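Below, chain A is the first sequence line, B the second, and so on; all start at residue 1. Given the structure is predicted, the values throughout are model-derived calculations rather than measurements.
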Amino acid sequence: MSAEPSASDFPHRHLLGIEGLSPGDISLLLDLADGYVAQNRRADKKTDRLRGRTQINLFFESSTRTRTSFELAGKRLGADVINMSVATSAIKKGETLIDTAMTLNAMHPDVLVVRHPDSGAVKLLSEKVNCAVINAGDGSHEHPTQALLDALTIRRRKAELSGLTVAICGDILHSRVARSNIHLFNIMGARVRLVAPPTLLPYAAERLGVEVFTDMREGLKGCDIVMMLRLQTERMQGSFVPSVREYFRFYGLDYEKLAMAKDDALIMHPGPMNRGVEIDSELADDITRNAILDQVEMGVAVRQACLEVMGRDLPQPDHNS
Amino acid sequence: MPKEFLADPAPQGPAPEAVAYVNARLLDPASGRDETGALLTEGRKIVDLGPALFADGVPEGIEVVDCAGHCLAPGLVDMHVHLREPGHEHKETLASGGLAAAAGGVTTMACMPNTDPVIDDIALVQFIERRARETSLVRIHPIAAITKGLGGEQLTEMGMLAEAGAVAFSDDGRPVFNSLVMRRAMSYSTAFNALVIQHAEDPNLSACGCMNEGETATRLGLPGIPNASEAVIVERDIRLAEITGGRYHVAHISTLEAIDAVRRAKARGLTVTAEAAPHHFALNETAIGDYRTFAKMAPPLRDEDSRRAVVEGLRDGTIDAIATDHAPHDQDSKRLPLAHAANGVVGLETLLTLSLELYHNGHIPLLALLGAMTIRPAELLGLDVGRLSVGAPADLLLFDLDCPWQIEVDAFHSKSKNSPFDGRPVQGRALHTVVGGRTVYRAG
């Protein structure tokens, strides 16, 4: 790779997922993002790289942090940013999603940032529009910018991803964050472990190229990275796990279980955290061990990198995604 | 003739002294041992055994029990009993169930959680353990519910319940009927290597049935329960065992079809096991006779083909364990029209002798038969009992293999006498029961 990362080296029209990216694609985005981290710490954070471009954040599912992060990223790049929240209950799926896409497409946006509660909905939408589409989370499928920001956070702390052992813990079954991270760490040569109660593991999870553990202490043994996932309240009431206290006892991260990991193991969480459910409250505040606020900072930089890459001049239309 | 002896149910005294059991036929299904010899216990453990032990006499200071050539086996392990405490202490308690067990040669039992309240919480598991320690002559381990309140919807805290001492999980009395809940229960159980015991019955198919569906039910004008009611749940659960890897156990299996399903599942290497109750191999549906409510239980007594299938299942190992499904009921619960009478029979005091019928009739060799009442259920529950070996708990049963007698429900130690076996001529009975090195029962 050239010394100076260039947005035009990214060979994909959309960013729909981590699956299908090459190590070079990922490194490029992380290299670009690294530059934005420095810039975001300065008083003047603004560039004009996306000046004149229109970015629409189209959220079919409520979100505060991801939407804010994308909005800030677009504005710092000089784009005109519009937020659209669409109440999903009002939508008849499928047809109306495409109608919405066609309507927006007619307004000539340059980048659509889309979150949708259904897996695959963002891809469907991307097939109907002329602009670039960034997946900001689709159902339980992918959340590529989250995986990239996790990777950037880790790379800045541990120098490189390759050779690390990463334990992803908690509700793997419903997690798009988990799926994107599994792909990313596998692509970058890290070893991935999944740690969860059997009811929160997807069928045949081991075929994703990971090691699966239902005993958290075993799963954390010797890990470099402990990545905790959020457990949704409605899954704590006896259908997937019996109770919050049982979950915390066996799958909540506390100092005792963390002691199984490497001494310098880094704790991550995509937020928002359930203190006392998946993570001990004291540990959640322990900035010597966790990188949770780093992740938020890296999120903006990574999204700037993705927007820059997606907003670059491309020969229209017809570039392979 | 000496009077019958039952120990004082305050078992946590000082460790018993050394006791030598001499002139015994040592029977240990776990090792295949069947030979004449002696066994020495010291404190709560077995410390030595074999044909050569005490060949030159027993040293001074050791208490001697002369077994007079009778069979000395591990105490029986009954993995399925209802002890009614808490909630229905007028039917049975841990103490009265413990007396019945001791008199029947049962030294360990696992009690079902369908009490009031249901054993679905850590505090209740601890309650059973504490009450058992304080009041029972024999070891009692709680089985905890699979779903909260036996409601069939929300999983119980299997991990913490297992840590607290629950040896298995079951909603017995009811099936876990929702297939998704059952899948999740079996899946979740794998994290703790827990045994999930199913009361296999489709409540829709059983409808209001009160006995086996067949000619007898038709003649009596009673709604019947088809074999399919059990078989469809067992077949379904085997599919779930396959996708979850869970340890699945069929309680009180009773039908040809379900036994066949378990046999096929085992042949495919699945972690599927089963138990059968003595009444399902000792009786068939005709025992209902003239509306005899003491022969009403769930699952019901089946037809002769299924009864034979239970015997064959025990013979070929498809059925791992014999368990009583001891279900005490007071007279008021049974003196009702058959449709309204409670399900269940007491079984602790007839387990040994009814099972020995299978040996006396030439169906099953003695060691294999005893294995189904000792080491196999102990293994399924993850307990270290059920074997005669050095270092094992000194839980012993001395029994007379052959003596003829007649079952008399009025002599039962259980609080409830609901048995269809009153007056049945049988062979073989417990003479002496030892739990943790301490004699808890000696026949009169």
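- Side-chain atoms of Q154(B) never come within 3.5 Å of backbone atoms of P242(A) as a donor-acceptor pair (strictly under, hydrogens ignored).
- Interface residue F240(A): backbone and side-chain heavy atoms are both found under 4.5 Å from chain B.
- More than 12 non-hydrogen atoms from other residues, nucleotides or ligands lie less than 6.0 angstrom from CD of Q232(A).
- Here the CG atom belonging to D215(A) is positioned 12.0 Å from the CG atom belonging to N193(B), to the nearest 0.5 angstrom.
- Annotation for R268(B): atom CZ counts as buried by contact number, over 12 foreign heavy atoms lying within 6.0 Å.
- Comparing S189(B), G246(B), A191(B) by heavy-atom pairs within less than 4.5 Å of chain A, the highest count is held by A191(B).
- Within a 6.0 Å radius of NZ in K123(A), other residues, nucleotides and ligands contribute 12 heavy atoms or fewer.
- More than 12 heavy atoms of other residues, nucleotides or ligands lie within 6.0 Å of CZ in R275(A), so this atom counts as buried by the packing criterion.
- Rounded to the nearest 0.5 angstrom, L200(A) CG and R184(B) CZ are separated by 8.5 Å.
- Note that OG of S243(A) is 4.5 Å distant from CE of M160(B), once rounded to the nearest 0.5 Å.
- The side-chain heavy atoms of Y247(A) and E157(B), taken from C-beta on, include no pair separated by under 4.5 Å.
- More than 12 heavy atoms of other residues, nucleotides or ligands shown are found within 6.0 angstrom of CG on L180(B).
- Without hydrogens or angle criteria, E246(A) side chain to G159(B) main chain gives a donor-acceptor distance under 3.5 Å.
- Side-chain contact between R245(A) and I122(B): present, with at least one pair of heavy atoms (C-beta onward) separated by less than 4.5 Å.
- Around the CD atom of E89(B), the shell of radius 6.0 Å holds more than 12 heavy atoms that belong to other residues, nucleotides or ligands.
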